[in-house]
Structure formats: C-alpha cells, structure tokens
Amino acid sequence: MTGMNYFNYIRNNITEILNNLKKTGCLPVSVDIANFSVEPARDRNHGDIATNVALALSKSANLKPRDLAQEIVACLKINDEIESVEIAGPGFINIILKDIFWQTRLVEVLKNGNEYGSIKKDLNKLINIEYVSANPTGPMHVGHGRGAVVGDVLANLLGKVGYRVTKEYYINDAGTQIDILTKSLFFRYQEALGLDVGNMPEEYYPGDYLAELARNLAEKDGDKWVQIIKEEGYASLKQVSIEAMMELIRSDLFSLGIVHDVFVSERDIVNNNEVTEALETLKQKGLVYQGVLEPPKGRRPDDWEPRPQTLFKATQFGDDVDRPVKKSDGSWTYFATDMAYHRDKFKRGFKDMINIWGADHSGYVKRMKSAVVALTDGLGQLDVKICQMVNLMDNGKPLKMSKRSGTFVTLRDVIDEVGKDVVRFMMLTRKNDAQLDFDLVKVKEQSRDNPVFYVQYSHARCCSVLRNALDIFNKSEIDDNDLIKADISLLTDSSEINLIKIIASWPQVVLGAAESHEPHRVAYYLYELSSAFHSLWSKGSKERVSLRFLVPKNRTLTLARLAMVRSLAITIASGLEVMGVEPLEEME
RNA sequence: GGCCCCGUAGCUCAGCUGGAUAGAGCAACAGAUUUCUAAUCUGUAGGUCGCAGGUUCGAAUCCUGCCGGGGUCACCA
C-alpha cells in the first residue's frame, strides 16, 4: 500500500506480541487471536488508537481483562514509535503515537502523490460492478444519476484498493417497453411525414426527444420506414430506436464523466440461448417446477387468477415466494433473463458482483441473490446497493415533476444547471440507502453548509499558499522532491498534528469505504479534512501569527509547513479524483 | 397484509460492521476581519439515539415485537 494503514501496523504489532505470549506460556495456545479491534479512540483524549484486545480475548485466555492488558502493554512499550500506552476502563488499551510518527506520514504522501492511499493491483481480484442499466426508452433522470455516481465512485474505490474492476451496463432491450418505444417512434415519424395518425395512444412515450429523433429520421430516410414496417414488421426500426436511445444515455453518462467498460444486451443473452441454458442448469438441480402461486396477501390485484406457471424455487434460498420465469405467452420473464445474465457474469470469471439499483427494485434483491447462489453453487457473491430516491428541490421547495406536463427535469438539465462536479459530489453526501434532497439553489451557495464548495475552497486555499510561497522561494526550490527533505519535525503545534493525523487516515478511509461498498464515506472524510485545515488557517491568520504557513524570516520552518500544505492538497485531490471531481486551484 | 429502507439536537444528517462521557452543519445566542482569499474561524446552548423487551463484560449499532414515514408487491423492466 502506498501510505501506511497505521491501525494494521499496530494490529500486526499486537498479533506478534500475542504470539510471543503464547510461546512464553502467558497465553494458552488455543486462544483465537484473530478477533479484536484496533480503532481510533472515540474520544481523542483517550489517545490515537484504542484496542479491545484484552477484553476480547480475556474469556478464552481465562485471564482478567486488565491483567492480560498489563502483559500486552509491557511489550508495546518497547515500540519506539509509541509515545505512551495506558489501560483504561474495563481493559481498553489506549495508545498515543509520537509526533515523529505522524510527521513521517507526510513523506509518504509527497512520495506517492495522487497514488497516496492506493493498493497495488491484484490481478486475481476480479470484480464486476453493474450500474445505471436504465431502460433505453429515454433520457436519464436524476434518480439514475445517483446510481450512476454511486456505482462509478465505488468502481474507482475498488480499483484504488487493488481490484481489477469491470464497469458494466445491462441493456434491457428485449421487453415490451422497447416495443412501445419503437411504436412511439414510428408514430412520431408518421407525424413528421405529415400523415394523419390522430392522437397519440395513452401508453406511448410522449417525450420531445422521440419527436426530434423521428423528424431526423424522416429527413434522412424519407418515407421508406412506412414500407419496411408494412412488409417486415418493427424489427429493424426497433434496432434503430435502441441504438438512438443508447446513444442518448451514453452521452448523458459521458457528461457526468462516466464511461462503462462493457455493455451487455438482454437480447443477446436471449438469442445466445443463455436463458435456456440457465434454466436447464436449475432444472437439473431440481429448482424449477410447474406450480400455482398464492395470491399476494392483503391486497389482491384486480386481474389476479390462479394460473399454472414455471417457477424457480427461490424460497429455498431465502426469498419469500417462488418466482415465475415464463410469461403466459411463453416468453421469458425479466427475472429469467436476469438470471441468465448473472450466470453469464459468473462464467466470465466474476465471483464478486455488485449491482447498483434504484429504490423501485428493492423488492427484487432477494430473488436475484437467491438466483446467484443457486446458479453458482454458492461460489458467486452478489451485493446489491439500493439507491433511495433523489428529491429535487428549488430553494427548499420540492420540485413537482411530471413527464406529461413538461415540468420533468432530466439529469442533463441538472448537469447543465450546476455542473458535473457538483452533481457528483452531492450524490455522495448521503449514504445510498437514505433519501437525498438535491436543492438546485443551495448547491450553488458558497458557504460552509455546501460541502462541495467547502472542500473545493480548502484545496484552493492550499494552492493559494503554494503560489504565495513563490515570493520567498524559487519554483525549483519547492517542488515535491524538495518538500520531502523538509524538516517536518518542526510541525509540532497541536492543530498541525491534528491535521496531519487526518491526512494520515486517508488509506484507512479508502479501504473501509471500498470494502463496505460505501462511497459516501469519501465525501464525509474530505469535509472533515477541510474543516481541520480551515481551522488551522484561521488560527494562524489572527490568534497566533506564528502558525502562519509562510514565515519569510524562517525558511526552514516554512518549508516544513509547505510540505504539510502540499500533502493536504494531494490528499484532497486524491479524494476528489476518486469521486470523479476536478479539484479547483482558484476560486473567485 | 408480505417484503425492503429510514426513524439520532428545533432542521438536515454522520456515527468507521458491538466499545468508554453519542458527533458535525444549519438555525439561535456571544465573539474574531489593517488576511497566506472572513466564501472562513472560535465559543455557548441544545439528546430518553421512535417505543418495549432480549442477547453480554458493554447496544444508536445485533435479535424479536410494536409505532410512524417512504418504496415495492404473479404473467412490467
């Protein structure tokens, strides 16, 4: 890893001590020493690091927690990077590291630049992340945008911690919605040709984007599609409309800075017989049968009737009911093709899969997970992240949206209004499973309660200091290689050490966010980091002028502080890079 | 009615997979501006972590049951 994960460092230290204690007989050999935590102390006053190792192991070691802690503490004191160790409460061990330990972290940052916090690629760690997968029936809306950002940033995070990531988009191009899309397009096309087709049927897609596409088609091809459809049906026009819609979506995604590696078509899955194969696999396992489902309890749909169906035994894997795989007209259900699709992912070598879905799909999670377990004999691992709704607001008031009334705000509208970076950052200011308010006015405010601005501003301030440093130094005296050699032991003020500690925790934040699949943690981390910096800045600007970064009379001290400021800028930029947000060097 | 998510300060939300006295921002109140960009900072006040049980050395966190809000519910995708 580029940059030390200091919790792991201490953990390894303790593990070593425990093994030694086993050798000397202080600790029974049978004790499992894997399960204990090494974490930041909740209260800073308790120290930099706290571990519950003595509490966690006392029972199986048959020792009192504080006695065991005593033994461990005695050994920890030998580590000369540790300032002090003490036992607290029922048996916690609190560790304070020496300033020089923290100061040295800056060297790591400067050495690694934007790679700070990254872990070397492990070619065997494959992971597939499927996100967006919006139906190709129109432009993306803001809800899609959230899933897009969450997925994309999670992909970046996983890449940063060493995974070989494949970013994937599943094109739902096989269902009835596409038929409606095609008919809607044909309707508009006939209109564009000046033919009298009456009013548009209720179920058709009314959007302007289709009318526009139809006009282009009429201009380019004349009336040739009327003939084609009469003779051959909708197949080739369907192809045209899917391609056009995907182009629209790709361009929406591109304006958010998102480019998928792989697009998989549902029709290809069906045409390649993969659904049949997947179902055959399940049949052989005895997981498919003909049966009649109970009606949904409580609220029975009007048109419900008992009907024999081909069912997958999802209940055997924790789902609530068994799930149909065939429609009454004999074609596959969406679930059936989706099963085949996930089997396809697994066959391509992905044991680890992540799907990012919208809130409206939450009822679908259990069956999909069941299917993955069934199809891969439990070897495949699927995690589904559900993104809750985005409530668009206009200065505190909810924005009423309706496709029909034309007040519908697309993702593209929002990006045009506030910019890609703001959209990306804001989408991560809540955890994915909580609803998110997106206020078009507030995100443009330049104040502390706008996190995008607040973080950008701290980066700009760093850059400002480095620019002003050119009054004291030549450019060639303060590049990163020079700053590495600065006497960082001069950074001793508690505000400085505090800032450095937060900088030093970036590698853990990256790893934690990646492993728990929680990209929002990056946004919160950057906010905290920025706050520590603004605080130090203000201290220097008035209370104690001695804390200013630039001290013209003391070049050595200034260099040390520049090393810190530069490290901070690198860390913020590195975090923003993960989020896909451009760091600003100057703000007006 | 079943399932999924949410419920933490007046408001908007964090809480690092079970740790110690539960944290930020906004709003309120009191301060700091001849600046390395005050677009910022410092302080005060504010809580029965929805309710009730359970698990254990220890629960906002895990389990069960309620209450409230949102989403979803065979042959749509």
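Quantities reported herein were computed from a predicted structural model and do not represent experimental measurements. Lettering of chains follows the sequences in order, A, B, ..., and the numbering in each one begins at 1.
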**Report entry** Pairwise salt bridge (charged side-chain N to carboxylate O under 4.0 Å, His left out) hits with a residue in residues 504-513 of chain A, at least two apart
**Finding:** none
Query raised in the report: U72(B) phosphate, OP1 or OP2: any side-chain N/O from Ser362(A) under 4.0 angstrom?
Result: no
Query raised in the report: Between C4(B) and Lys366(A), is there an OP1 or OP2 to side-chain N/O distance shorter than 4.0 Å?
Result: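 Checking C4(B) against Lys366(A), a side-chain N or O does come within under 4.0 Å of OP1 or OP2.
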Identify the pairs formed between an N or O of the protein and an N or O of nucleotides 25-30 of chain B at a distance under 3.5 Å, and give each distance.
none

Which atoms of nucleotides 62-65 of chain B (N or O only) lie under 3.5 Å from a protein N or O atom, and what are those distances?
none

Contact class for [X] vs. all strands (heavy atom < 4.0 Å): base, sugar-phosphate, or nothing?
{"X": "Asn94(A)", "answer": "base"}
{"X": "Phe453(A)", "answer": "base"}
{"X": "Glu294(A)", "answer": "nothing"}
{"X": "Glu305(A)", "answer": "base"}

Report summary line: Nucleotide by nucleotide, nucleotides 8-15 of chain B touches protein heavy atoms under 4.0 Å in the pattern (B base, S sugar-phosphate only, - none) ----SSSS
Could you give the side-chain donor-acceptor pairs of residues 455-469 of chain A under 3.5 Å, partners two or more places apart or in another chain?
from: Gln456(A); atom 1: OE1; to: Leu584(A); atom 2: N; distance (Å): 2.9
from: Gln456(A); atom 1: NE2; to: Glu582(A); atom 2: O; distance (Å): 2.9
from: Tyr457(A); atom 1: OH; to: Arg461(A); atom 2: NE; distance (Å): 3.3
from: Tyr457(A); atom 1: OH; to: Arg461(A); atom 2: NH2; distance (Å): 3.3
from: Ser458(A); atom 1: OG; to: Val455(A); atom 2: O; distance (Å): 2.7
from: Ser458(A); atom 1: OG; to: Ser530(A); atom 2: OG; distance (Å): 2.8
from: His459(A); atom 1: ND1; to: Leu584(A); atom 2: O; distance (Å): 2.8
from: Arg461(A); atom 1: NH1; to: His534(A); atom 2: ND1; distance (Å): 3.0
from: Arg467(A); atom 1: NH1; to: Glu585(A); atom 2: O; distance (Å): 3.1
from: Asn468(A); atom 1: ND2; to: Ser464(A); atom 2: O; distance (Å): 3.1

Got a list of protein N/O to nucleotides 55-57 of chain B N/O distances below 3.5 Å?
from: C57(B); atom 1: OP1; to: Lys59(A); atom 2: NZ; distance (Å): 2.7

Query raised in the report: Quick one: do Glu445(A) and Lys442(A) make a salt bridge, cutoff under 4.0 Å?
Result: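 Result for this pair is no, no salt bridge flagged.
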**Report entry** Qualifying residues under side-chain hydrogen bond (donor to acceptor under 3.5 Å, both in side chains), relative to Asp421(A), sequence neighbours excluded
**Finding:** none
Requested in this report: Applying side-chain hydrogen bond (donor to acceptor under 3.5 Å, both in side chains), name anything that partners Ser58(A), two or more places apart in sequence or on another chain.
Outcome: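 Ser58(A) satisfies side-chain hydrogen bond (donor to acceptor under 3.5 Å, both in side chains) with no other residue.
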Show me the donor-acceptor pairs within less than 3.5 Å that the side chains of residues 309-316 of chain A make with the rest of the protein, sequence neighbours left out.
from: Thr310(A); atom 1: OG1; to: Gln290(A); atom 2: NE2; distance (Å): 2.7
from: Lys313(A); atom 1: NZ; to: Gly286(A); atom 2: O; distance (Å): 3.4
from: Thr315(A); atom 1: OG1; to: Asp322(A); atom 2: OD1; distance (Å): 2.6

**Report entry** Centroid-centroid under 6.0 Å between Phe549(A) and Phe533(A) rings
**Finding:**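 When the ring centroids of Phe549(A) and Phe533(A) are compared, they turn out to be within the sub-6.0 Å range.
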Report summary line: Here RNA chain B, pairs taken as Watson-Crick or G-U under 3.5 Å and shown with ( ), [ ] when crossing and | when to another strand, reads (((((((..((((.....[...)))).(((((.......))))).....(((((..]....))))))))))))....
Donor-acceptor contacts, no H, no angles, side chain residues 385-399 of chain A, under 3.5 Å, sequence neighbours left out:
from: Lys385(A); atom 1: NZ; to: His517(A); atom 2: O; distance (Å): 3.2
from: Asn391(A); atom 1: ND2; to: Gln435(A); atom 2: OE1; distance (Å): 3.4
from: Asn391(A); atom 1: ND2; to: Asp437(A); atom 2: OD1; distance (Å): 3.1

Would you list the atom pairs, donor with acceptor, under 3.5 Å between side chains in residues 130-138 of chain A and any protein atom, with sequence neighbours excluded?
from: Glu130(A); atom 1: OE1; to: Lys345(A); atom 2: NZ; distance (Å): 2.9
from: Glu130(A); atom 1: OE2; to: Ser133(A); atom 2: OG; distance (Å): 2.8
from: Tyr131(A); atom 1: OH; to: Asp152(A); atom 2: OD1; distance (Å): 2.6
from: Ser133(A); atom 1: OG; to: Tyr170(A); atom 2: N; distance (Å): 3.0
from: Asn135(A); atom 1: ND2; to: Gln177(A); atom 2: OE1; distance (Å): 3.0

Report task. Considering only atom P, compute the distance from C66(B) to G1(B) and round it to an integer number of Å. Result ->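 My reading of the P atoms in C66(B) and G1(B) gives 10 Å.
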